[in-house]
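First the structure, in the form of structure tokens, and then the observations on it.
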There are 2 protein chains.
Amino acid sequence: MEVQDRRVKRTQRLLAQALIELTLERGYESVTIRDITERADIGYATFFRHYTDKDALLHEVLEVVLDEMLLLLQPFKADADPASVGTLLFRYVQDHSEVCRVLLSSRGSMGLLQKVIETGTRNVLEQHTPAEQSQVPIEIAAHHIVASSIALIQWWLDHDLVYSAEQMGTIYRDLIVRPTEALAFND
Amino acid sequence: MEVQDRRVKRTQRLLAQALIELTLERGYESVTIRDITERADIGYATFFRHYTDKDALLHEVLEVVLDEMLLLLQPFKADADPASVGTLLFRYVQDHSEVCRVLLSSRGSMGLLQKVIETGTRNVLEQHTPAEQSQVPIEIAAHHIVASSIALIQWWLDHDLVYSAEQMGTIYRDLIVRPTEALAFND
DNA sequence: ATCGTATGATATACACTGTATCACGTGTAC
DNA sequence: GTACACGTGATACAGTGTATATCATACGAT
């Protein structure tokens, strides 16, 4: 069995939850490991039995989210309606808004967001065929789709999800996908 | 006379230069104040006679750049060719690539990049008149223009300025400005 | 019920921050 | 050019957070 000890899972769950809470309350940088362990009601030294430092904990927390998100968008091919794909994406953000806020606010502390963009760009490039004579290099076009989408999510979170996930999906299609595909991709 | 003491200007110049160098070498977070003062060959305590902390120094360094950039793009109105404005922008980035790299890599440690986006968005909104029936809210459209431009600059820096500033200006117009204006603005 | 192990509590070494102090040297003003 | 003002260098110090080590205890797996 690969199943972990209940105590381990409990400790890691409490630490992750505490990190998310404290980051949303006071910002990632100002949260200390002692803060996390106290909020989680876990011994200070115990933290280091699971993670080397604060970034490692955050990294693990966010990797789960990112894997889920990638898995969510993976099955869709270029022939699907971009608005539907977008709606799925924004629905996921809606259902995991706390963690997404942490992810987007803690950028910079490590190259995590950059890794997300790289992975996403690769995905976009795989799912599209480049146009013959395009003014815009496909690497730039793919990067633009991913980075703009993240910026759009950021805006949505900063404005407390004022529009529905469906509306955001449509905006995502009209503002980002359609114009970029028209310029650089055959489809 | 408002002119500062030569020693003050010298110290601040050395500290700023040291911060930029070290940040490009090892990343902003891992640079300590002691590192900066040693590289600048300045007494440790002297640092605090000018800045409260590391972020204050970075903030001052970047504010100069941002003011210059805003001043550069300010005179242009909506009737100018977006590609020309874009070329100017990318030329500025080219001529100040080191500081721009620091700005874009150190995001997160403070809300600086977010402030840039907010200021830029306000500017875009002032220079455009919203279309009557648009599917895309103008706040989102303006935010998209600014955030996408920053992402494009980021891509350019990460790929060692492989294209010319003129080419990037054209891409900026075709990929970002034209599609967004067509959707949300009368011009 | 027993063994293995995760945890709690505590102590410690270490690094960095931020402040205080004083002697020294440079810049400015006259 | 001289005198004074002031910025600087060097050092010491307290405070805070990190990371490791140790030992007794309590929990989980079998």
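Only a predicted model underlies this, so the values are computations on that prediction, with no experimental measurement involved. Residue numbers begin at 1 in each chain, while the letters A, B, ... track the order of the sequences.
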_Nucleotide nearest B/Arg6 when distance is taken to its side chain, options C/dG18, C/dC16, C/dT28_ =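 Within the option list, the nearest is C/dT28.
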*About how many Å separate CG of B/Leu62 and CG of B/Asp55, when rounded to the nearest 0.5 Å?*
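Output value for this atom pair is 10.5 Å.
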*Is it the case that more than 12 heavy atoms not belonging to A/Asp41 sit under 6.0 Å from its CG atom?*
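Atom CG in A/Asp41 is not packed in, count stays at 12 or less.
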*B/Asp35 near the nucleic acid: base, sugar-phosphate alone, or nothing, with a heavy-atom cut-off under 4.0 Å?*
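Nothing, no nucleic acid heavy atom in range.
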*What nucleic acid atoms does B/Arg34 come within less than 4.0 Å of, heavy atoms only: base, sugar-phosphate, or nothing?*
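Result for B/Arg34 = base.
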*Nearest-nucleotide comparison on DNA chain C, the residue closer to the 5′ end among A/Ala45 and B/Ile33*: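 Per heavy-atom nearest nucleotide, the more 5' residue is A/Ala45.
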*Salt bridge between A/Glu139 and A/Arg122, side-chain N to carboxylate O under 4.0 Å?*
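Looking at A/Arg122 together with A/Glu139, the answer is no, because their closest N to O distance does not fall below 4.0 Å.
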*Using 4.0 Å as the upper bound for N to carboxylate O, is an ion pair formed by A/Asp35 and A/Arg26?*
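Looking at A/Asp35 together with A/Arg26, the answer is yes, because their closest N to O distance falls below 4.0 Å.
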Within this structure, what is the [atom1]-to-[atom2] distance between [X] and [N], rounded to whole angstrom?
X       : N      : atom1 : atom2 : value
B/Lys54 : C/dA15 : NZ    : C1'   : 14 Å
A/Leu14 : C/dG8  : CG    : C1'   : 15 Å
B/Leu57 : C/dT17 : CG    : P     : 12 Å
A/Gln4  : C/dA6  : CD    : C1'   : 12 Å
A/Asp55 : D/dT18 : CG    : C1'   : 13 Å
A/Glu29 : C/dT17 : CD    : P     : 14 Å
A/Phe48 : C/dG8  : CZ    : C1'   : 15 Å
B/Glu38 : C/dA15 : CD    : P     : 13 Å

*For the hydrophobic clusters of this structure (ILVMFWY residues joined by side-chain heavy atoms under 4.5 Å, transitively), does one cluster hold both B/Leu15 and B/Val64?*
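Result: no, two separate clusters.
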*Determine the interplanar angle of the B/Tyr44 and B/Phe48 rings, folded into 0 to 90°, and report it as parallel if under 30°, tilted if 30 to 60°, perpendicular if over 60°.*
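Rings of B/Tyr44 and B/Phe48: perpendicular, over 60°.
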_For a quick check, tell me whether the side chain of B/Tyr44 and the base of C/dG18 share a donor-acceptor pair closer than 3.5 Å._
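Present.
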*Considering the options B/Trp156, B/Trp155, B/Tyr163, which one meets the ring pair (Phe, Tyr, Trp, His ring centres under 6.0 Å) requirement together with B/Phe90?*
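Answer after filtering B/Trp156, B/Trp155, B/Tyr163: B/Trp156.
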What does the list of N/O pairs under 3.5 Å between the protein and nucleotides 5-8 of chain D look like, with a distance for each?
from, atom 1, to, atom 2, distance (Å)
D/dT8, OP1, B/Arg7, O, 2.9
D/dT8, OP1, B/Thr11, OG1, 2.2
D/dT8, OP2, B/His50, NE2, 2.8

*Does NZ or CZ of B/Lys54 lie under 6.0 Å from the centre of the six-membered ring of B/Tyr28, at an angle within 45° of the ring axis?*
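Judged by the rule, B/Lys54 and B/Tyr28 form a cation-pi pair.
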*Bend angle of the helix from C/dA1-D/dT30 to C/dC30-D/dG1 from five-pair axes at both ends, rounded to 10°?*
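That helix has its two terminal axes inclined by roughly 50°.
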_Modelled atom types, side-chain donor and acceptor of B/Asn186 and B/Glu181, under 3.5 Å_ =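 No.
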